Amino acid sequence: MLTIGAHLSCAKGFYEMGQEMLAMNANTCQFFTRNPRGGQAKELNLNDIEAFLNLMKENAVEKILAHASYTINPCSDKEETRIFALETMADDLNRLTALNGQYYNFHPGCHVGQGIETGLMQIVSLINHLLSTQTNTTVLLETMSGKGSEIGSTFDEIAAIINQSNDTEKLGVCMDTCHIYSAGYDIVHRLDDVLEEFDQKIGLKRLKMIHLNDSLTPFNSHKDRHAKIGAGSIGTEAIIRLINHPLLKDLPFILETPNVFEGYKAEIALLRANYG
Ligand code: FE
Ligand code: FE
Ligand code: ZN
């Protein structure tokens, strides 16, 4: 069965998010750990989490994805910004323990002129701090489009981060289709080659989740503009090939397309109808 869901709001609690997930015929979902613009995370409601975990179990939902706020920057040129990223992510991981072993995705960050090597080193240092304390959550690096000084838009950079990290058992990758197409990986015409390169450089066993998005901008444009499925430069056909690829078909897919409930529900129906 296709494991697919969408980015949802957790503002009204986990149980309500779970109900919304099921109502759109999804069997996974993603949520922001806190307001994406930063700020305090809400007080954890353990009853709500327990009800949500039961809902997951009853409906055979295996994995969900927490997404760190995209405003934190682990490789900023300002030390206080790097410390803020570390403290925020450590707090997120601490809270996510209550969810019993899910995934936590983050953007590696922008080196803002410090250079890629310095940026990579700072990201490795962040990961080493985060994973040195006990966590049941697997931390995922998201592949980026390479806009501005963004790190993580090449498989080499992602591999460099993983290879230099101390404890990689709880470290993986979330591949964003919009981002990698924008970064110059041609998943429309050369999906096999792209996956082979991923496997050689990073290892497909690290690939835990896929962000399934079409791209508003052309191939190799180094922009980050998500489009609805079929409304961008990747197109429905290539996306259907991708979810059916033998190396990808069993992974969880998360839609981050510009949609609310009905739009997500329609995309999930379309993809389910064209799977397997
Ligand atoms: Fe993201
Ligand atoms: Fe993404
Ligand atoms: Zn994006």
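In this text, all values refer to a predicted model and were calculated from it rather than measured experimentally. In each ligand, atom 1 is the first atom listed, and ligand 1 is the first ligand listed. Hydrogens, waters and symmetry mates are skipped; everything else that's a heavy atom, side chains included, is used.
Remark: Asp199 pairs with no residue by the salt bridge (charged side-chain N to carboxylate O under 4.0 Å, His left out) rule, at least two apart or across chains.
Residues Thr257 and Glu267 bring a donor and an acceptor atom of their side chains to less than 3.5 Å of each other. The closest side-chain donor-acceptor pair between Asn105 and His107, if any, does not fall under 3.5 angstrom. No side-chain N or O of Asn59 forms a donor-acceptor pair with one of Asn27 less than 3.5 Å apart.
For Lys223, the NZ atom is loosely surrounded, since the number of other residues' heavy atoms within 6.0 Å does not exceed 12.
Expressed to the nearest 10°, the angle at the Zn ion (ligand 3) joining NE2 in His179 with NE2 in His226 is 110°.
Of all protein atoms, those of element N, O or S that lie under 2.8 Å from the Fe ion (ligand 1) number 3.
Of the residues listed (His67, Gln30, His179), the one engaging His211 in a side chain to side chain donor-acceptor pair (under 3.5 Å) is Gln30, and it is the only one.
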Just do the side chain to side chain contact (heavy atoms under 4.5 Å, CB included) check on Leu204 and Phe198 with the steps written out, would you? CA-CA 7 Å; Leu204 278 168; Phe198 188 101; 3.7 Å; yes
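The Zn ion (ligand 3) has Asp224 among its coordinating residues (N/O/S atom, backbone or side chain, under 2.8 Å).
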